[in-house]
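Read through the structure below, which is laid out as structure tokens, and then see the notes.
In what follows, chains carry the letters A, B, and so on, assigned in the order in which the sequence lines appear, proteins first and then strands, with residues in each chain numbered from 1.
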Number of protein chains: 2
Amino acid sequence: MRVLAFLDGTVAEPDDPCVRATDLGLLRGDGVFETVLVENGEPRELGLHLDRLVRSAWMLDLPEPSETDWKRAARQVIDNWRGDGEFAMKLIYTRGSDAGHGSAPTAFALGLEITPKMMSERSEGIAAVTLERGIEPGLAVRAPWLLLGAKTLSYAVNMAALREADRRGASDVIFTATDGSVLEGPTVSVVMVRGRTLYTPPPILGILPGTTQAAVYRGAERAGFTAKIEMLSVDDLYAGDGVFVASSVRKLTRVHTLDGKVLPDASELHRELSAAYEAGYA
Amino acid sequence: MRVLAFLDGTVAEPDDPCVRATDLGLLRGDGVFETVLVENGEPRELGLHLDRLVRSAWMLDLPEPSETDWKRAARQVIDNWRGDGEFAMKLIYTRGSDAGHGSAPTAFALGLEITPKMMSERSEGIAAVTLERGIEPGLAVRAPWLLLGAKTLSYAVNMAALREADRRGASDVIFTATDGSVLEGPTVSVVMVRGRTLYTPPPILGILPGTTQAAVYRGAERAGFTAKIEMLSVDDLYAGDGVFVASSVRKLTRVHTLDGKVLPDASELHRELSAAYEAGYA
């Protein structure tokens with residue numbers, strides 16, 4: 001099951017080609033995107049996702065996306081979805097065909113199924129590995145052309161890191177900076193819990209501000225937790241009571257094993273935080 | 001003028017959409033490419049480009065490209081080209097549509113015009129700026145998942161760096177590593193000449209082995225130059241008799257100004273090295 005809609009509200013057959021060979025999103029990974037969770041007909045955190053899409057577009061000098069147009073396309077995907085009650089909706093926004101063509105950006109919303117593996121990992125938890133990202137904490141601020149913290153279509157490295165995790169028998173990655181700081185995963189935020197306090201690293205390190213992480217933080221604070229944005233080391237992760245990865249598709253998924261070492265059982269913590277997160281959409 | 005051909009030898013209208021919205025080359029920048037210079041019906045260094053395409057594909061765990069198929073597609077583009085005698089031919093190879101689809105890689109060759117700006121810069125030279133790339137020299141070997149030295153479709157950062165150069169009144173970029181070492185440009189190799197010796201940094205730093213740089217080296221050695229692969233600092237560039245950028249589209253283009261400082265006039269050196277390079281295709 002797939003649904004494809006354009007910003008003018010038209011819906012198209014997703015198996016039909018709709019993008020030119022000359023599109024810079026394809027030729028150069030030159031564009032930005034978001035992945036939104038849709039559950040029971042409601043897109044979660046659409047406002048936060050669109051805010052981040054605007055911010056990513058600004059970092060890439062792309063024309064400012066129109067929230068009205070994106071909401072219309074998103075609504076079309078949701079209204080035409082005939083699959084499971086829960087699915088992933090990508091918002092794709094590229095620089096369009098090359099300059100010789102003088103064309104406008106390419107923009108569409110695409111509904112996609114969530115894999116059974118991803119669904120079962122939500123309840124069973126995952127093994128993760130740490131991998132060097134090779135950047136130092138001050139770089140993002142100093143070198144904006146590196147687009148650290150923009151959600152671009154240039155995700156080849158993110159995908160290669162996930163394949164490396166797979167080779168090591170794990171399902172996800174926690175990237176580290178040159179000083180050993182915890183960053184994020186290729187498609188997830190990292191959240192560590194110690195006692196009744198949640199920790200996640202700051203976006204100034206060149207990582208994405210997580211939409212699901214933000215929603216988990218709101219829920220956790222309502223449930224009496226304290227939520228902090230602070231730099232973390234890998235040792236901090238081992239010293240915590242629970243390590244989680246958060247994304248639209250993963251929701252809040254427990255990391256039960258890190259670099260082959262079993263972490264403390266955080267099943268109960270996971271239940272409590274997941275309930276707090278879900279309460280935001282009840 | 002554009003020509004589009006697929007690996008089975010069919011030619012298509014380049015303005016017609018031919019790629020699905022679900023293609024991972026588009027959604028994730030998950031693929032590899034080459035840009036080949038075609039002059040008077042002959043693709044330059046096609047063998048080196050195909051070798052590098054195979055190497056990039058291997059680094060991304062993509063199925064090994066078939067040289068026979070790529071040569072067929074390239075021939076179709078060349079035979080159907082009706083534009084200027086000189087053009088750029090891109091070879092694009094993506095992971096194809098997402099796994100749910102079970103489809104094969106997406107692969108095509110695309111003939112594109114070279115911009116008048118690029119052509120005039122070949123004779124007039126360019127201003128370039130140095131920009132931090134944020135990686136240290138040993139990283140590429142230690143962290144293969146970062147795909148340093150693979151020519152992937154994830155070029156958003158490369159394009160952002162070129163926009164940053166434009167903002168600074170320059171046409172190209174020379175990236176530097178964290179220790180100040182010269183790396184490469186977003187789409188070019190860097191060559192420095194001192195006396196009768198050429199220098200370019202080693203691929204082990206996580207940069208592409210340049211096809212045009214290799215051709216310039218062959219020509220220069222035939223013309224009596226010595227050609228070395230060595231680490232360079234930015235100070236080395238200032239101390240040289242000439243700094244050049246090399247790529248299929250740029251050929252060998254002189255850098256007349258670096259970070260706003262005028263470099264020694266290397267016009268004569270440029271004429272001599274360009275003649276040596278062109279002699280390889282006479």
Side-chain angles (χ1 to χ4, degrees), chain A residues 2 4 12 14-33 59-61 90 92 94-95 97-101 106 108 110 112-113 115 131-136 139 142-148 150 152-161 163-164 173 178, chain B residues 2 4 12 14-33 59-61 90 92 94-95 97-101 106 108 110 112-113 115 131-136 139 142-148 150 152-161 163-164 173 178:
Chain A
R2 285 183 176 75
L4 172 63
D15 280 345
D16 289 344
C18 69
V19 175
R20 291 188 178 121
T22 51
D23 197 286
L24 293 167
L26 179 71
L27 298 181
R28 298 296 200 185
D30 198 0
V32 298
F33 80 104
M59 290 177 75
L60 267 73
D61 302 305
K90 285 191 184 284
I92 304 289
T94 90
R95 204 174 298 279
S97 281
D98 59 359
H101 216 278
T106 297
F108 58 84
L110 178 66
L112 296 169
E113 285 169 356
T115 62
L131 291 180
E132 277 188 83
R133 183 68 185 75
I135 60 168
E136 52 104 345
L139 187 66
R142 210 168 63 230
W145 53 85
L146 297 177
L147 304 179
L148 296 164
T152 79
L153 296 173
S154 287
Y155 258 37
V157 167
N158 306 51
M159 298 298 104
R163 289 192 300 276
E164 178 67 20
V173 171
T178 50
Chain B
R2 286 184 174 74
L4 171 63
D15 281 344
D16 289 345
C18 68
V19 176
R20 290 188 179 122
T22 51
D23 197 285
L24 293 168
L26 179 71
L27 297 181
R28 297 296 200 185
D30 198 359
V32 298
F33 80 105
M59 290 177 75
L60 267 74
D61 301 305
K90 286 192 183 283
I92 304 290
T94 89
R95 204 174 298 278
S97 280
D98 58 357
H101 216 279
T106 298
F108 58 83
L110 177 67
L112 295 169
E113 286 169 356
T115 63
L131 291 179
E132 277 187 84
R133 184 68 185 75
I135 60 167
E136 53 105 344
L139 187 65
R142 209 168 62 230
W145 52 86
L146 298 178
L147 304 180
L148 296 164
T152 78
L153 296 174
S154 286
Y155 258 37
V157 167
N158 306 53
M159 299 297 104
R163 288 193 300 276
E164 178 67 21
V173 171
T178 49

So which residue, A:R142, A:E132, A:E164, ends up with the most heavy-atom pairs under 4.5 Å with chain B?
A:E132
Rounded to the nearest 0.5 angstrom, the OG-CE distance for B:S154 and A:M159 is 9.0 Å
Please report the interatomic distance CD(A:E136) to OG1(B:T178), rounded to the nearest 0.5 Å.
8.0 Å
By a 4.5 Å heavy-atom criterion (distance strictly below it), what part of A:L139 contacts chain B: side chain, backbone, both, or neither?
side chain
Nearest-0.5 Å distance that lies between atom OG1 in B:T22 and atom CG in B:L27:
7.0 Å
For the side chain of B:R20 and the backbone of A:D15, is there at least one donor-acceptor N/O pair under 3.5 Å apart?
yes
Please state whether the side chain, the backbone, both or neither of B:I92 comes within less than 4.5 Å of a heavy atom of chain A.
side chain
Name all residues meeting the side-chain hydrogen bond (donor to acceptor under 3.5 Å, both in side chains) criterion together with A:D23; count only those two or more places apart in sequence or in a different chain, and write none if there are none.
A:T94, A:T106
Under 4.5 Å from a heavy atom of chain B, the part of A:L4 involved:
side chain
Residue part contacting chain A, namely of B:L112, when any heavy atom lies under 4.5 Å
side chain
Greatest number of non-hydrogen atom pairs under 4.5 angstrom with chain A, of B:A143, B:A160, B:C18, falls to B:C18
Counting heavy-atom pairs under 4.5 Å with chain B, which one of A:T152, A:I135, A:L131 comes out on top?
A:L131
The interface call for B:L110 against chain A, heavy-atom contacts under 4.5 Å, is side chain
For B:S97 and B:L24, the nearest pair of non-hydrogen atoms, with its separation, is O-CD1, 4.0 Å
Tell me, out of A:P144, A:G25, A:A21, A:G29, who's got the most heavy-atom pairs with chain B below 4.5 Å.
A:A21
Most contacts with chain A, counted as non-hydrogen pairs under 4.5 angstrom, among B:V173, B:T115, B:D16, B:L147:
B:L147
Give a yes or no answer on whether the side chain of A:R163 reaches the backbone of B:W145 with a donor-acceptor pair at less than 3.5 Å.
no
Quick one: does A:R28's side chain have a donor or acceptor within less than 3.5 Å of a partner on B:N158's backbone?
no
Name the region of B:L146, side chain, backbone, both or neither, that has any atom closer than 4.5 Å to a heavy atom of chain A.
both
B:R133 versus chain A, heavy atoms under 4.5 Å apart: side chain, backbone, both or neither?
both
